[in-house]
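Take a look at the structure set out below.
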Amino acid sequence: MSSVSKAAITEALSEARERTLALVEPLDDGQLNTVYSPILSPLAWDLGHIANFEELWLVQTIGGREPLHGELGRFYDAIENPRKIRDELPILRDEELRAYMADVRERALDVLEGMDIGPDVDDPLLREGFVYELLLAHELQHNETMLQLLQLVDGYELPAEVEAERNSVVPFGRSESERNHGTGLEVEMVPIEAGEYAIGAPERGFAYDNERPRHTVELAAFGIDRTPVTNGAYIAYMEETGAEPPLYWTRDGDRWLDTARGRREPIDPGRPVIHVSWEQADAFAGWAGKRLPSEFEWEAARPHLDGVGHGWEWTSSDFAAYPGFEAFPYREYSEVFFGDEYKVLRGSSWATHPRVAQPSFRNWDLPQRRQIFSGIRCARDA
Ligand SMILES: [Fe+2]
C-alpha cells in the first residue's frame, strides 16, 4: 500500500469485505453450505475462515483479546481440516456467520485504533502495517478460491466489477480474421540474454515469506512466448493429438463451449486458454516444440511479457524455499508445502485482485489440478 495510515488500512479492509460479500450476494444459505466439489470448501467455510483468520491475527495476536467463540478457530484451520470434510464441521452458518464476520471486523478496527504501525516499531507484525497487509491479501486470495467454486454454481452471475476484470483481457492474435481462422500457433518469442537476474521481493514492503530473500540466479539464454497460449492453439493441439480439453469445455458439433457457471458460451479462439493442469500445460509445450519456463525465467522475463493477468501461468519449477528462507509469520503459509509435490504458477488470473498480483508472488498447486484459473506460456532454450 502506498501509505500505511490507519485510514488507508481501514478503507482497504472495507473494500475487500465489500468484494467478498458481493461474491456471495446472489446465493442463498443452502448454496453457501453446499459442497460442490471435494477439492473446494463450501463457501460458508471460506467466509468463516476469512473472519477467523482476522480474529486470530488482528484481535487475538495483536490485540491480546479472547476469541468470540472459544475453540471455534480449530475448525477453520486449513491444514487440520481437509476441504472434503469441511461440510461436516460444526462451523458457523447463516445469520450466525454474518454476525461473526461483522463482530470480528468491529473488534479488529477497535484494536487498530490503539496500535502503532510506524516504520520503527519493534514488532515485525506491526511494522509498516505488515499484519494488515497480510489480512487483506488473505481475504482477497480467498475471493479467488471462492470464484473457483462459483464456476460450479449453475446460473451464477459475477458481480459487475469482477465481470469487468474478466472481460478486460483483450483477445490475442494479430487480426480478427487470423483469430477466427488461424490457430495462433505462430507466436513471437522474446529473447532473454544469459546472465544474473535478481529474483524475489525486495526487503521492504509487504510480501509473503516464500518470496524472500531476494537473491540472484544465473540463467542461460532462453526465449519465451510474448503471449500466453490461446484457446485456438489449444484446440489445434487437441485436434491433432486427441488430448483432453480444459475443464468446463464441452463439444457442440464442430465448436467448443465453455460450460462454467452453467453457461454455454462459445470459446473465443483468441483468448488465453485457462483451466488446464500442469500435466496438460507441459504436454502442450512439448507438442509445440517448446517447454514450460522455470519460475526464475518467468520472473526475469516478466517486464517483456504481454497478456499477464488472464490466467496463472504454470512453470516447470517445484515449490521450494529460496536460499536463506525464514518462515514468517507462520510455518503453515509456505513451509509445509515445500517439496516436489507442488508446481509453481506465476502471474495472476482475471479472478485475482490486482493488489495481490505482484511480480514476485508465487502461487502453487498440484500438477493435476485445473479448477484454478491456470494457463500456459511456453519457453525454449536459446
Ligand atoms: Fe486461508
Side-chain angles (χ1 to χ4, degrees), residues 12-13 15-21 23-24 32-33 35-62 67-69 71-93 97-98 100-101 104-105 108 125 130-150 206-211 312 319 327-338 341-342 344-345 348-349 351-353 355-358 361-366 369 371-374:
L13 284 170
E15 276 171 19
R17 182 55 48 87
E18 269 172 39
R19 193 168 186 267
T20 302
L21 295 177
L23 287 176
V24 294
L32 293 184
N33 290 322
V35 175
Y36 288 88
S37 155
I39 58 167
L40 287 165
S41 315
L43 290 162
W45 188 91
D46 276 285
L47 295 174
H49 168 83
I50 288 169
N52 185 254
F53 192 79
E54 178 168 339
E55 184 177 40
L56 179 65
W57 288 97
L58 301 191
V59 181
Q60 297 172 242
T61 306
I62 295 297
L68 285 164
H69 289 276
E71 293 288 282
L72 178 76
R74 68 193 170 94
F75 304 119
Y76 290 116
D77 184 315
I79 306 278
E80 293 297 315
N81 304 285
R83 287 172 171 184
K84 61 173 183 275
I85 66 138
R86 287 178 188 172
D87 180 49
E88 299 151 23
L89 301 169
I91 56 171
L92 298 177
R93 297 176 195 275
L97 171 59
R98 288 169 218 277
Y100 176 63
M101 295 178 79
V104 168
R105 176 52 53 88
L125 281 177
F130 177 92
V131 75
Y132 293 93
E133 297 260 20
L134 175 71
L135 256 290
L136 271 169
H138 182 257
E139 180 154 355
L140 295 172
Q141 283 169 256
H142 271 277
N143 284 179
E144 180 156 352
T145 320
M146 292 163 68
L147 279 162
Q148 291 169 18
L149 179 118
L150 289 165
F206 177 78
Y208 282 105
D209 56 3
N210 65 57
E211 298 166 52
W312 291 97
F319 187 48
F328 179 77
Y330 61 110
R331 273 192 75 236
E332 287 73 17
Y333 181 74
S334 315
E335 198 175 348
V336 296
F337 298 98
F338 288 151
E341 213 184 334
Y342 294 91
V344 173
L345 301 105
S348 59
S349 80
T352 316
H353 190 279
R355 189 184 193 100
V356 284
Q358 299 298 326
F361 184 82
R362 305 167 78 198
N363 193 358
W364 67 92
D365 215 322
L366 297 169
R369 288 291 163 81
Q371 89 286 0
I372 51 178
F373 305 95
S374 47

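All figures in this text were calculated on a predicted structure; none of them were measured in a lab. Atoms within a ligand are numbered from 1 in the order they appear, just like the ligands themselves.
- A side-chain N or O of Asn52 and one of Tyr100 form a donor-acceptor pair less than 3.5 Å apart.
- Not a single side-chain hydrogen bond (donor to acceptor under 3.5 Å, both in side chains) links Arg369 to another residue, sequence neighbours left out.
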Q. Can you list the steps and then say if Tyr330 with Phe328 is a ring-ring contact (aromatic ring centres under 6.0 Å, His included)?
A. CA-CA 5 Å; Tyr330 61 110; Phe328 179 77; 9.3 Å; no

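- Looking at Arg86, its side chain does come within 3.5 Å of a backbone N or O of Ala78 through a donor-acceptor pair.
- Scanning for side-chain hydrogen bond (donor to acceptor under 3.5 Å, both in side chains) contacts around Asp46 gives His142, with sequence neighbours left out.
- Residues meeting the side-chain hydrogen bond (donor to acceptor under 3.5 Å, both in side chains) test with Asp365, sequence neighbours left out: none.
- Within the sub-2.8 Å shell of the Fe ion (ligand 1), the protein contributes these N/O/S atoms: His49 NE2, His138 NE2, His142 NE2.
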